[in-house]
J.: 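This structure is in structure tokens; I'll ask about it shortly.
Bear in mind that the values here come from a model prediction, so they are computed numbers and not experimental data.
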Amino acid sequence: MTTNNTPTARAGRREWTALCVLMLPLLLVSMDVSVLYFAVPAISADLEPSGTQLLWIFDIYAFVLAGLLMTMGSLGDRIGRRRLLLFGAAAFGTASLVAAYANSAETLIAARAVLGVGGATLMPSTMALTRTMFTDPGQRAKAIGIWSGVMATGIALGSVLSGLLVEYFWWGSVFLVNLPAMALLLLLGPRLLPESRNPDAGRFDLLSVPLSMAAVLPVVYGLKEIPTEGWNVRYVISLTVGLCFAALFVHRQRTTASPLIAPALFRGHGFTPALVLNLVAAFGMMGSVYFTTQYLQSVLGKSALEAALWGLLPSVLVGVAAPVTTLLVQRGVNRAYVVSAGFATAACGYALLVVAGTDSLWLVLAGAGVLAAGIVTVLSQMTDLALSAAPVERAGSASSLLETSQEFGGALGMATLGSIGTALYHHEMPASAPEPARETLGGALAVADQLPGPAAESLTAAARAAFTTGMQGAATAGAVVLLAAAVLALGALRGVRVRDREEEKSLVRTASQS
């Protein structure tokens with residue numbers, strides 16, 4: 001492995017300062033997932049996009065990011081993670097400037113696509129560089145705990161920042177906030193960040209790139225659309241096509257001389273369980289977000305900005321969970337018990353949602369906070385486990401697989417729990433209600449706006465009660481899944497440990513000599 005820092009030394013002020021610099025792009029990339037929540041009405045009024053164009057403006061970023069994660073992680077291992085990070089920062093900053101001053105829907109869609117490309121380079125690079133800079137297991141665990149907390153916080157902050165900027169400026173300002181951070185990264189990155197790559201990675205397998213995208217994108221698309229549109233045949237076909245390409249991608253990786261994702265990664269002790277449990281954790285997190293955001297706005301009747309501000313409260317527990325988890329593991333508590341407790345804690349968060357009614361603001365916020373704290377506990381530990389189990393020269397590939405599993409888990413959680421909630425909503429709504437009102441809570445509220453007072457109140461109350469019942473049913477299913485994951489974690493992780501510092505030194509020396 002080629003690196004500029006001393007691999008056997010504990011990280012000092014330089015490395016921790018570099019970590020702070022790395023957190024800036026990570027925060028912004030995670031924020032861009034939700035930063036358009038409140039900007040969409042202003043964009044619609046200014047650019048007048050069609051319905052299809054509006055959907056692409058919103059979704060193209062996440063699709064491109066998910067589709068390119070594995071490619072960019074593997075590319076970083078070959079050309080250098082710092083080099084890829086700086087390239088991604090330049091692309092992200094340039095695309096942000098174009099998006100801010102876009103004068104047409106087509107330009108904004110193209111800029112959002114390039115933002116997705118930049119995000120796909122930044123996310124695995126930040127994680128891989130964290131792995132490279134912090135070779136001491138204890139310090140690495142702390143650094144990855146910070147990484148996980150920043151990632152979760154960014155998603156929550158994105159919608160709030162969007163609301164505030166649109167309220168006082170114009171919609172393009174939600175993109176301009178990216179520029180100072182990317183400029184700072186480009187200025188300080190070459191000075192603070194070590195360069196690292198895999199010198200024996202082999203040639204870059206170009207055929208694996210379209211295969212990976214063809215595997216990821218149709219599956220993510222189908223899973224994201226099912227909660228709102230139902231099990232439409234179009235989405236079932238999309239899932240089937242994606243799974244077929246996934247099989248071809250796996251076959252390619254097992255048979256080619258220089259795979260994009262080396263099968264040897266999965267032989268690392270603890271790597272595969274970490275990926276699976278990481279996916280389940282993302283399942284639980286995004287499945288709850290689907291309901292709690294709608295609950296705050298459509299059941300409690302809060303404005304979008306009010307709902308976003310209330311939604312920040314659960315993040316307080318997230319900021320506490322990761323460092324406490326790291327401290328427990330460092331003091332000798334078995335990782336299996338910590339992760340299992342994290343899943344059990346998240347299940348308790350779902351249990352609070354099960355007993356929530358139509359006027360349970362604090363109960364829902366408490367449930368969301370407890371659930372998020374438990375999930376971040378799991379995510380921080382699974383990230384640390386996966387990166388320590390993977391060879392340091394393949395840190396980029398390992399990081400991209402972790403993040404891809406999160407994308408799949410989040411989409412699967414929204415699809416599964418969203419479908420359960422939607423089915424229960426349909427069942428609970430009166431058969432006499434208008435068809436749009438029986439489809440979604442938003443449709444019911446729109447219909448109620450056209451009705452006279454008593455009829456509107458009756459339909460609104462019925463729809464809110466039906467949605468709450470759906471949320472309770474989905475939360476019950478989510479709690480069952482997370483409790484099963486708690487049991488699975490006990491069995492899968494009990495014999496897994498992170499290499500100690502002396503083993504890290506030995507492995508780094510071996511890699512350097514070879």
Side-chain angles (χ1 to χ4, degrees), residues 33-34 37 152 155-156 158-160 223-230 280-304 306-315 317-318 345-376 409-429 437-445 460-483:
V33 173
S34 55
Y37 282 176
I155 296 174
S159 58
V160 177
L223 292 175
K224 283 183 178 291
E225 295 299 322
I226 285 170
T228 53
E229 301 290 336
V280 177
F283 175 102
M285 176 65 82
M286 295 308 297
S288 72
V289 169
Y290 177 79
F291 288 97
T292 54
T293 53
Q294 291 188 72
Y295 181 89
L296 291 173
Q297 291 186 70
S298 299
V299 175
L300 297 183
K302 298 190 179 298
S303 68
E306 284 179 323
L309 291 171
W310 280 108
L312 281 178
L313 286 180
S315 301
L317 291 178
V318 171
T345 300
C348 290
Y350 267 128
L352 292 176
L353 297 183
V354 170
V355 298
T358 55
D359 188 21
S360 303
L361 171 63
W362 289 106
L363 187 61
V364 168
L365 291 177
V370 171
L371 190 149
I375 293 299
V376 168
L412 186 61
M414 293 181 69
T416 304
L417 300 185
S419 296
I420 292 173
T422 299
L424 288 172
Y425 176 87
H426 291 165
H427 181 267
E428 292 295 316
M429 282 296 288
R438 299 186 73 248
E439 288 298 320
T440 64
L441 175 57
L445 297 179
T460 299
R464 288 172 171 167
F467 178 86
T468 303
T469 299
M471 181 178 72
Q472 293 167 345
T476 301
V480 169
V481 170
L482 295 182
L483 287 175

J.: Quick one: list whatever passes side chain to side chain contact (heavy atoms under 4.5 Å, CB included) with Ala346, sequence neighbours left out.
T.: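 So Ala346 forms a side chain to side chain contact (heavy atoms under 4.5 Å, CB included) with Leu371, Ile375, Leu482.
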J.: Just to verify, what does His426 make a side chain to side chain contact (heavy atoms under 4.5 Å, CB included) with, not counting sequence neighbours?
T.: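 Residues passing side chain to side chain contact (heavy atoms under 4.5 Å, CB included) with His426: Thr422, Glu439.
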J.: Given 3.5 Å as the limit, does a donor-acceptor pair link the side chain of Ser360 with the main chain of Gly357, or not?
T.: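 Checking the backbone N and O of Gly357 against the side chain of Ser360, a donor-acceptor pair under 3.5 Å is found.
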J.: Of all the heavy-atom pairs spanning Val299 and Thr358, show the shortest one and how long it is.
T.: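 Scanning both residues, the minimum pair turns out to be CG1-O, 3.5 Å.
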J.: Less than 3.5 Å apart, which donor and acceptor atoms pair up between the side chains of residues 465-481 and the rest of the protein, not counting sequence neighbours?
T.:
from	atom 1	to	atom 2	distance (Å)
Thr468	OG1	Arg464	O	2.8
Thr469	OG1	Ala465	O	3.0
Gln472	NE2	Ala356	O	2.6
Thr476	OG1	Gln472	O	2.9

J.: Could you report the tightest heavy-atom contact between Leu296 and Leu300, atom names first, then the distance?
T.: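 It is O-CB, 3.5 Å.
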J.: Among residues at least two apart in sequence or on other chains, which ones pass side chain to side chain contact (heavy atoms under 4.5 Å, CB included) with Thr345?
T.: Val370
J.: To the nearest 0.5 angstrom, please state how far the OH atom of Tyr295 sits from the CG atom of Leu365.
T.: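 Answer for the OH-CG pair, Tyr295 versus Leu365, is 9.0 Å.
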J.: Evaluate the side chain to side chain contact (heavy atoms under 4.5 Å, CB included) criterion for residues Trp362 and Leu313: first the C-alpha distance (whole Å), next the side-chain angles of each, then the deciding distance (0.1 Å), finally the verdict.
T.: CA-CA 10 Å; Trp362 289 106; Leu313 286 180; 3.9 Å; yes
J.: Could you tell me which non-hydrogen atom of Phe291 sits nearest to which non-hydrogen atom of Leu417, and how far apart they are?
T.: CZ-O, 3.3 Å
